[in-house]
Amino acid sequence: WVAIAPPAAGFAVGSATASRGSDETGEAKQRLAPAEGRNTVPLPFERTALQLGDRVAARVHPESHPVLGLLKMFPAFTGGAPEWIRVSFAEIYTGRIAGVVRRSRFLVQRPSGAMPERIAVGESLLVIPRERAKEITIAGLIGLAAAVTIGCVIHVGSWVCGYSMDHGLRAWPLLVGWLTLAVVFIAPLSTGPCYVFANSRATTVCVVAWMNLLLYQDLFFE
């Protein structure tokens, strides 16, 4: 809880008269009454977004990453990768808020035996479960779209090269069946574990795309 305003009249000092041993006459009580009244004014409080014990996921940007290092070879990324790319490759550590440490960072307590067991990050690097589920879902859809695009391009290329659209391994009914399995079963079953095991966005995209393309390879290649 965070106070957003101090008392309007300051701190009351009515108890000081009693501590000096003054007589409790009616006149003294009358003088103390206004100060005591100011003591009863409630302070306005505003509940913060994050509280002790809340489940969160902490993002940690790795010091080095093969893909980020590869991007630096391109002139457009000599100054570093854009923020959305760095966030996509950030490591995810789930846990509960255990307190606040120096520099206004939140201490995230992870399960016993986890490595690391505690981690301190700023509020901007914390993600609540609902937001993380949304991010992972979007990443899964991107992976699905990538797999569908690659599969359809291969099929269209095969038809252009002379494969039959109605018979054989490149027939369109088989393609529709693969698309149905990919959308209804493979993509959801691949995205769920990525959320449970706290995979990054980039990892989720790769996992979903790879699982769907693996099924494509089994169905359409001898």
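Between Arg132 and Glu135 there is no salt bridge, since no side-chain N of the basic residue sits under 4.0 Å from a carboxylate O of the acidic one.
Atom CD1 in Ile136 sits 11.5 Å away from atom CG in Leu141 (nearest 0.5 Å). Of the inter-residue distances, the one linking Glu123 atom CD with Ile97 atom CD1 reads 8.0 Å to the nearest 0.5 angstrom. To the nearest 0.5 angstrom, Leu175 atom CG is 9.5 Å from Thr180 atom OG1. From Phe220, atom CZ reaches atom CG of Leu215 across 8.0 Å, with rounding to the nearest 0.5 Å. Atoms NE2 and CG, from His155 and Leu169 in turn, are 8.5 Å apart once rounded to the nearest 0.5 Å. Rounded to the nearest 0.5 angstrom, Trp178 CH2 and Leu219 CG are separated by 9.0 Å.
Residues satisfying the salt bridge (charged side-chain N to carboxylate O under 4.0 Å, His left out) criterion with Arg118, sequence neighbours excluded, are absent altogether. Residues meeting the side-chain contact (heavy atoms from CB on, under 4.5 Å) test with Arg105, sequence neighbours left out: Val101, Arg103, Ala120. Residues passing the side-chain contact (heavy atoms from CB on, under 4.5 Å) test with Leu70, sequence neighbours excluded: Met73. Applying the side-chain contact (heavy atoms from CB on, under 4.5 Å) rule to Ala139 yields the partners Arg201, Thr204, Val205; only residues at least two apart in sequence or on another chain are considered.
Taking 4.5 Å as the limit, every side-chain heavy atom of Leu125 sits out of range of all side-chain heavy atoms of Val60. Side-chain contact between Val121 and Arg59: absent, with no pair of heavy atoms (C-beta onward) separated by less than 4.5 Å. Side-chain contact between Trp210 and Cys206 is absent, with no heavy-atom pair separated by less than 4.5 Å. Taking the side chain as every heavy atom from C-beta outward, Ile154 and Tyr216 approach each other to under 4.5 Å.
Of the possible donor and acceptor atoms, none in the side chain of Arg96 sits under 3.5 Å from a partner among the backbone N and O of Val108. Under a 3.5 Å cut-off, the side chain of Arg86 and the backbone N or O of Ala81 do not form any donor-acceptor pair.
Under the 4.5 Å side-chain heavy-atom criterion for Ile, Leu, Val, Met, Phe, Trp and Tyr, Ile119 and Val56 are members of the same hydrophobic cluster. The hydrophobic cluster containing Phe221 also contains Met165, counting ILVMFWY residues as joined when their side-chain heavy atoms lie under 4.5 angstrom apart, directly or transitively. Follow the hydrophobic side-chain contacts under 4.5 Å out from Val196 and you never reach Tyr93; the two are in separate clusters. Leu144 and Leu213 fall within the same hydrophobic cluster, defined by Ile, Leu, Val, Met, Phe, Trp and Tyr side-chain heavy atoms under 4.5 Å apart, directly or through other members. Cluster membership check: Ile138 does not share its hydrophobic cluster with Leu189, using side-chain heavy-atom separations under 4.5 Å among Ile, Leu, Val, Met, Phe, Trp and Tyr.
In terms of heavy atoms, Ser158 sits closest to Arg170 at OG-NE, 2.9 Å. Closest approach of Ala145 to Thr149, counting heavy atoms only: O-OG1, 2.7 Å. Shortest non-hydrogen contact noted between Ala147 and Asn212 is CB-CB, 3.6 Å. Closest approach of Ala98 to Gln109, counting heavy atoms only: CB-CB, 3.8 Å. Across every non-hydrogen atom of Gly168 and Leu174, the tightest pair is O-CD1, 3.6 Å.
Note on residues 48-83: pairs passing ring pair (Phe, Tyr, Trp, His ring centres under 6.0 Å), not counting sequence neighbours, are His65-Phe89.
By the neighbour-count criterion of 12 heavy atoms within 6.0 Å, atom CH2 of Trp159 is densely surrounded, having more than that number from other residues, nucleotides or ligands.
As a member of the Ile/Leu/Val/Met/Phe/Trp/Tyr network built from side-chain separations under 4.5 Å, Ile92 groups with nothing else and remains a singleton.
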